[in-house]
Amino acid sequence: MAWDFETEPEFQEKLDWIEQLVREEIEPIDALWGGLEYTPPQGALREIVQPLKDRVRAEGLWACHLGPELGGKGYGQLKLALMNEILGRSSWAPIIFGCQAPDTGNAEIIAHYGTDEQKARYLQPLLDGELFSCYSMTEPHAGADPTLFKTRAVRDGDEWVINGRKFFSSNARTSSFLIVMVVTNPEVHPYEGMSMFLVPTDTPGVDIVRNIGLGEEPEGEGSHALIHYDDVRVPADARLGGEGKAFAIAQTRLGGGRIHHAMRTIGMANRAFEMMCERALSREVSGGLLAEKQLVQGYIADSYAQLQQFRLFVLHTAWAIDKHNDYRKVRKDIAAVKALMPGVLHDIAQRAIQVHGALGVSNELPLSRMLLASSALGLADGPTEVHKVTVARQVLREHRPVDDLWPSQHRPKLVAAAREKFADVLERHVGNL
Ligand SMILES: Cc1cc2nc3c(=O)[nH]c(=O)nc-3n(C[C@H](O)[C@H](O)[C@H](O)COP(=O)(O)OP(=O)(O)OC[C@H]3O[C@@H](n4cnc5c(N)ncnc54)[C@H](O)[C@@H]3O)c2cc1C
């Protein structure tokens, strides 16, 4: 029997160290500088953040999503899940541990598909935490269905010329380079006709038209860019991976990205859950604590069970990725976890808001932001519906249709089959059945 839900003591010590650093040193940075996570830190912020990054490195916990060949620990997904569920509490923690989205996924594909020159130019500074990157795929007219993308790159001598529009390209405004998915051959099926390019953000023709925010963020100051690519010229060697390989590259990137989001979502949901419990134990109404009211106890019990279920599913999926060493073999469960994630965060944040009353919806608590984050999680890296379709397709591959008018579990059929199976015995016991 190899089922074991315990963390080995040496790693538990590391997790305890991480938890303390996040709660005591990093959450205060969130309080003062939340929203600046993807801007290279300057001044006071740099003075505070840099030593923390150094401590993380000294502890051997920097960029743990990467293998040793790329400067990480290569802990694998299960250990990463245990780390990320702590880091997910805080918006700065993933940056300080060098494992923030979308840079993790971007680093992964450059590591997989990049040439030596591309790795030296883009990957190394990314891994060193010196710059940020952007993944520019969604277009204003199409997102969930990438076969509809129109942004085009045309070969002109030893250059490619890119023209088109991209939408919701996160962190473009503070990124040093963009990974852009474009059509390179419109004559073939999009699965074979699209390629990826590495484009420095300051290349002439890259026009960040607007920075779109989420919810009530001030207009124009958000982090999701509408970008016009107008005659953007890049050298032939700016292509990442082979021509026509964009879909395969995107899958490499998104498999890891989705499960890492799920790991961090546990942390965010757990923070809302802790807040709910604290408030229930602190606030009095109608002659007693909220914690004594059965409807509130229902919120707590439902949230606890939902979070435990989700956490176990994420940890099991992470374990399966390590076991197979291949995201594709665990596609069904990654998609299922991705589809569950927004609902879990939504339900727990919503109940935590309710228990806090007016303060819950105010901008003085992080709960309404978590609610919005839950909606965003149902869209970023593909909408929930699409992931459910993936789950259903994969599940149905494991099942067969019945070769009969009646379902295989139809009782008259089962009784007839059982009578036939036990016919000898039944004959000897006439009258027993
Ligand atoms: C916070 C955030 C960050 C993001 N960051 C990036 C980024 O960095 N780079 C990037 O390229 N993109 C990014 N995106 C965009 C994201 O990938 C797209 O929003 C997503 O793929 C959906 O595309 P869309 O918004 O165009 O919606 P559409 O494709 O128009 O879909 C709209 C809705 O239609 C429904 N739907 C779609 N397909 C199906 C289907 N097959 N069956 C049933 N219903 C369906 C779903 O409800 C879906 O939400 C980000 C999005 C968010 C919210």
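Keep in mind the model is a prediction, meaning the values are calculated, not measured. Numbering of ligands and ligand atoms starts at 1, following listing order.
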Checklist line | Of Thr104, Asn106, Asn171, the residue whose pairing with Ser133 passes side chain to side chain donor-acceptor pair (under 3.5 Å) | finding: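 For Ser133, the side chain to side chain donor-acceptor pair (under 3.5 Å) check succeeds only for Asn106.
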Between [X] and ligand 1, is there a nitrogen or oxygen pair with a distance under 3.5 Å?
X      : value
Ala380 : no
Ala144 : yes
Glu139 : no

Item checked: Aromatic ring pairing Trp406/His410, orientation class (parallel under 30°, perpendicular over 60°, tilted between) ->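 Taking His410 first and then Trp406, their aromatic rings lie parallel (interplane angle under 30°).
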Notebook entry, point to check: Where does the angle between the aromatic ring planes of Phe177 and Tyr122 fall among parallel (under 30°), tilted (30 to 60°) and perpendicular (over 60°)?
Noted result: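 Answer is tilted, since the angle falls between 30° and 60°.
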Next item on the list: Any pair with a residue in residues 367-387 that passes ring pair (Phe, Tyr, Trp, His ring centres under 6.0 Å), sequence neighbours left out, goes on the list, sorted by first then second residue, please.
Entry: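 Of all non-adjacent pairs touching residues 367-387, none passes ring pair (Phe, Tyr, Trp, His ring centres under 6.0 Å).
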Check: Should you measure from each heavy atom of Met137, which atoms of ligand 1 turn up under 4.0 Å away?
Finding: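 Those qualifying, in numeric order: 10 (C), 11 (O).
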Checklist line | Interfacing atoms of ligand 1 (cut-off 4.0 Å, heavy-atom, Tyr135) | finding: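 Matching atoms, with element in brackets: 7 (C), 8 (O), 9 (N), 10 (C), 11 (O).
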Does [atom] have a protein heavy-atom neighbour under 4.0 Å away?
atom                    : answer
atom 29 (O) of ligand 1 : yes
atom 20 (C) of ligand 1 : yes
atom 34 (O) of ligand 1 : no
atom 5 (N) of ligand 1  : yes

Notebook entry, point to check: Any chance the rings of Phe97 and Trp62 have centres within less than 6.0 Å?
Noted result: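 They do not qualify: ring centres at least 6.0 Å apart.
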Notebook entry, point to check: Partners of Thr201 by side chain to side chain donor-acceptor pair (under 3.5 Å), sequence neighbours excluded?
Noted result: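 Partners of Thr201 under the side chain to side chain donor-acceptor pair (under 3.5 Å) test: Ser175.
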Students should be able to answer this: which protein heavy-atom is nearest to [atom], and at what distance?
atom                    : result
atom 47 (O) of ligand 1 : Glu385 OE2, 2.6 Å
atom 13 (C) of ligand 1 : Phe168 O, 3.1 Å
atom 24 (P) of ligand 1 : Gly143 CA, 4.0 Å
atom 49 (O) of ligand 1 : Leu379 CD2, 3.2 Å

Check: For ligand 1, is any non-hydrogen atom under 4.0 Å from Val386's backbone (N, CA, C, O), its side chain (CB onward), both, or neither?
Finding: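 Within the 4.0 Å criterion, Val386 contacts ligand 1 through side-chain atoms alone.
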Note to self: Tell me the contacting part of Ser170 for ligand 1: side chain, backbone, both, or neither, using a 4.0 Å heavy-atom threshold, strictly below.
What the structure shows: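 Near ligand 1, Ser170 shows its backbone as well as its side chain.
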Check: Got a salt bridge between Glu243 and Arg155, using NZ or NE/NH1/NH2 to carboxylate O under 4.0 Å?
Finding: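 Looking at Glu243 and Arg155, the cut-off is not met.
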Notebook entry, point to check: Just going by heavy-atom distances, which of Leu214, Thr138, Val389, Asn171 is nearest to atom 18 (C) of ligand 1?
Noted result: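 Nearest heavy atom to atom 18 (C) of ligand 1 lies in Thr138.
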Margin query: Can you confirm whether the side chains of Gln306 and Arg351 place a donor and an acceptor under 3.5 Å from each other?
Written below: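 Yes - a donor-acceptor pair under 3.5 Å links their side chains.
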Check: Is the shortest heavy-atom distance from the side chain of Val314 to the side chain of Phe310 under 4.5 Å?
Finding: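 In contact.
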Check: Quick one: is the NZ or CZ of Lys166 closer than 6.0 Å to the six-membered ring centre of Tyr229, and within 45° of its axis?
Finding: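 No cation-pi geometry.
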